[in-house]
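What follows is a set of notes on a single structure, which appears directly below.
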Amino acid sequence: MQGTVDLLVLRTLASESMHGYGIATRVRQCTGGDLTIEDAALYQALHRLERQGLVEAEWRPSDNNRRARYYTLTPAGRKRLREQTGNWRRYARAIQAILEDA
Amino acid sequence: LTRFLLRARATLSGGHDRDLRDELQLHLRLLEEEYTAQGIPADQARRRAHREFGNATQFQEVSHDLFSFRLLEDLIDDLRYAVREMRRSAGFTCVAVSSLAIGIGAITAAFAVLDVFMLRGLPVRGPDRLVAFSASGSSTWGSWPYAYFMHWRNSPDRLFEVAAASDVRPHDVPLQGTDKPGQVRVSLVSGNYFQVMGVDVALGRALTDADSPAPGAAPVAVISDAFWERWFGRTPDVLGKSIDLRGVSYEVVGVAQTGFTGHAIGHPSDVWLPLTMQSALMPDGARLLEDRWGTGAHWLRVIARLADGVSVDRAAVSANLIRQRFIADKAAALGGSSPEVVRDRQQGVSLLTATTGYAPERVRYGRPVMILFSITALVLLVACANFTNLMLARSEGRRKEFDIRLALGGRRSRLIRQSATECVVLGFAAGLLGLLLANWAATATLKQFALTIRPIELALAFDARVLGFVSACVGVVIGFGLWPSTRPARSASVASVYQSTSTDARRRTRSIAGRTMLIGQLAMCAVLLIAAGLLLRTVTNLRSQELGFDRNVLLVSVSPGQAGYSRDAAAMLLERIRERLSAVPGILAVGVSGPALLDSSHYWIDGSQLLTTDRGLVLAGARWTSATVGAGFFEAVGMSPVHGRTFDSRDARPAADGVVINQSLATFLFGTDNPIGRRIRMSPRAPTQPVIGVVQDARQTSPRDRGVGVIYAPLRGFNSVVLAIRTAGSPSDAAPLVRHQLGSIAADLPVDNIRTIAEVLDEAIAQERLMSAISLVLAALVVAVGCVGLYALIAYDVAQRTRELAIRLALGATSGQVVSLVLRDGALLVAPALAIGLPVGLTASRALSSQLYGVQPGDPWTLASVAVLLTIVALVATLRPAQTASSIDPIVLLRAE
């Protein structure tokens with residue numbers, strides 16, 4: 001679904017900076033494996049967000065001392081996350097309502 | 001903006017691609033480790049990691065696009081590719097770029113000269129509102145007496161404001177604080193000159209009307225920026241310094257704005273002085289400001305700035321009214337029948353727009369410059385047509401490559417863009433090279449030009465105007481080259497990849513386009529050759545014509561005045577030289593003359609001068625001039641009297657007043673009557689003089705002036721004279737002897753170079769020689785380019801037809817038949833080219849007619865020789881491919897197939 005990956009990435013980054021692999025792992029863990037992002041799509045999303053100025057990237061040593069590219073949410077990214085979260089909730093509620101009605 | 005920066009960084013550094021790779025690798029490695037930890041073998045883990053990841057390459061591409069300028073990168077790729085292609089086919093590049101560079105260089109050089117000489121506006125405020133006063137019917141600025149200027153100036157209706165300026169005259173002045181001689185070029189101007197011209201000062205103040213209170217009362221000067229640099233080294237404390245001219249010290253009060261050197265193009269002023277200093281600056285001359293009725297010298301250029309909203313016509317009406325009122329007053333004062341009033345009444349005033357300033361040389365050299373410009377335009381066109389043909393041949397040669405690339409999924413627009421990039425790169429390279437060439441050519445031409453005209457100083461400027469012009473040329477060139485490069489778009493289909501041999505139809509289309517271009521090119525060659533031929537014949541005619549005097553006579557300029565001889569001492573010295581030289585064996589006769597022969601700058605030919613005879617006023621159509629000659633001149637140069645006698649010792653007496661006239665003038669003034677003893681008057685206030693003899697016409701003033709009347713008067717001043725020496729043997733052998741003899745007679749007498757009349761003639765026609773030389777060189781270049789084009793086309797055709805020709809040979813055609821087949825191909829190109837080129841050249845050469853001498857624009861001989869020449873050249877160009885064709889061995893070819 002359009003924008004879903006973006007939202008997931010933004011949400012995952014909201015608490016701390018992470019590298020791509022970390023994000024993928026976190027998403028998988030949180031959803032208990034129900035939701036996985038294809039890795040190529042994840043990186044595409046990350047780079048798209050970077051270009052839109054919603055996340056920033058920098059090279060940093062990782063936990064086990066490897067050079068990794070860490071992504072951080074920018075203020076604009078936080079704003080976008082709030083909007084998207086709201087949108088998503090409305091959307092989910094709407095779908096929910098329809099599903100329960102039927 | 002940040003996006004732009006991100007992209008720019010990514011594009012420039014290429015770091016983005018590396019980052020991308022690193023990031024992906026890390027991810028894959030982490031995945032791999034995870035799988036290994038789960039107990040999967042290493043190689044399986046790697047494969048699985050890759051599979052899990054998805055399409056990495058596509059992701060990389062997409063990400064790359066996100067972070068870079070696809071367009072810019074493509075462009076850089078194209079450029080790189082274009083340069084590589086150009087290097088690979090160095091021959092093609094060389095021919096294309098150099099022929100284009102010649103075309104662009106030639107026309108740019110011509111434009112630079114044209115621009116500085118004729119087109120550029122004066123560097124002043126609002127130059128388009130300036131007008132110059134001229135005699136009606138004249139196309140150049142007039143000169144006027146002070147009285148006229150004052151009347152226009154005091155006009156009551158204020159339609160224009162009038163300023164006046166004298167022509168620039170050089171004065172020899174010792175350099176500031178040294179004895180070294182220097183030259184200061186001075187122009188006298190009215191107080192409002194700077195204000196009317198619209199010129200600011202860089203320093204100090206301009207002259208004002210307050211600077212002209214009374215004659216001689218205001219020794220102040222404004223200097224030009226260039227003079228400030230040259231003379232004062234740009235010191236800021238130049239104000240208050242002084243310049244000494246003719247015993248008067250002029251205080252510098254201002255420096256004119258940079259670039260302004262007066263109203264005259266090619267004759268810059270260093271110093272401007274108030275008009276009221278005229279008599280101080282010219283102490284020997286008349287007091288021109290006191291010339292109340294304008295009967296004296298015409299010495300001022302009158303320039304006006306029109307008031308806002310006033311048209312040139314309206315101002316001209318007003319100027320004429322003012323003038324008529326003045327003439328009425330003048331008639332009342334001098335009498336209505338006085339010659340000046342009669343003449344004044346015949347003339348009116350017209351106002352010429354003065355935007356581009358005053359350049360008297362334009363009358364004579366404007367047309368040659370325009371002609372050269374047109375010729376160079378033709379050269380550029382030929383080079384462009386050649387370029388099109390080259391690009392056409394090239395796109396043809398690469399068709400297969402294009403087809404394959406199309407078949408492999410290359411985008412069409414991308415292919416076109418690639419060819420176009422190549423064409424643009426070639427165009428720009430040619431433009432750059434052309435600019436260098438133009439700089440050199442324009443400088444060299446102007447130098448030659450300046451040698452032929454009296455000193456003229458044109459400041460060539462390769463500025464925005466010229467650069468703009470070059471860019472326009474490059475645009476045209478690229479346009480010509482682009483047309484064939486759009487052809488891959490029309491390239492048929494994948495099918496054509498497989499069709500390697502049946503290219504017949506395609507060859508025909510390419511041939512039609514190429515042939516048309518080539519025919520046009522050859523036709524333009526014909527036009528150029530006709531122009532060059534006519535100019536060449538003009539030079540030959542000028543050189544070989546009957547001059548009226550012997551061209552083997554030696555002319556020696558000597559200046560006793562400069563060596564300190566007084567008038568009488570100089571006269572005695574010259575007499576002694578004549579006697580001593582005549583006695584030298586090998587020297588037959590020695591004569592003395594005033595100004596040099598064949599040098600029009602020493603003569604003033606003007607129908608408006610008031611020549612009168614004892615029969616009355618003669619104004620209409622009398623083109624005449626006067627010359628001064630001393631003893632023995634006519635004999636020495638070989639001019640014999642037709643009637644009466646020439647000058648002898650009787651005419652050396654101061655009281656003697658007889659004159660000799662030439663045949664043209666005698667016929668004009670007296671018809672068939674006997675002119676001897678009749679009296680003429682050279683100006684209304686001059687004494688009448690009897691005609692004592694008539695000599696045959698000679699080209700006294702210039703090699704072109706046929707039928708100009710000449711009045712020869714006895715030489716009275718000897719400051720600077722010309723010795724004419726007739727020798728028995730070869731004149732050039734005698735030159736050292738003459739120099740030696742002169743040295744022994746008067747060692748202190750400076751002797752200039754000794755030249756024969758033939759050499760002087762060559763110098764006098766230097767402009768014509770320059771023109772014909774330039775047009776010949778350009779024509780030769782263009783014909784060479786056309787020749788190469790023709791050769792290439794025919795050779796290409798032969799190569800394409802190898803199979804056909806081989807079959808013909810195999811079926812029994814003789815090699816002669818094959819040769820004639822190919823030659824016919826060439827003839828089919830040359831014939832239409834001549835059919836177009838000759839009539840066009842015939843028409844175009846009419847524009848040349850004012851430059852020609854002794855040959856008509858449509859001269860059949862010239863046309864015929866051009867036709868023959870072009871045919872021969874074409875034949876030579878076709879011959880080699882024809883030979884190749886005839887030497888095809890069908891057996892070898894068929895085996896190869």
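These numbers were taken from a predicted model, which means no experiment stands behind them.
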Run the numbers on B:Arg29 and A:Tyr21 for side-chain contact (heavy atoms from CB on, under 4.5 Å), then give the verdict.
-> CA-CA 10 Å; B:Arg29 206 161 327 128; A:Tyr21 182 75; over 6 Å; no
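By a heavy-atom distance cut of under 4.5 Å, not one residue of residues 9-18 of chain A is near chain B.
Interface remark: B:Leu28 contributes no atoms to any contact with chain A (heavy atom separation under 4.5 Å).
The shortest non-hydrogen separation linking B:His27 to A:Ala24 is CE1-CB, 4.4 Å.
Here the side chains of B:Leu30 and A:His19 are in contact, with some heavy-atom distance below 4.5 Å.
Within 6.0 Å of CZ on B:Phe469 lie more than 12 heavy atoms contributed by other residues, nucleotides or ligands.
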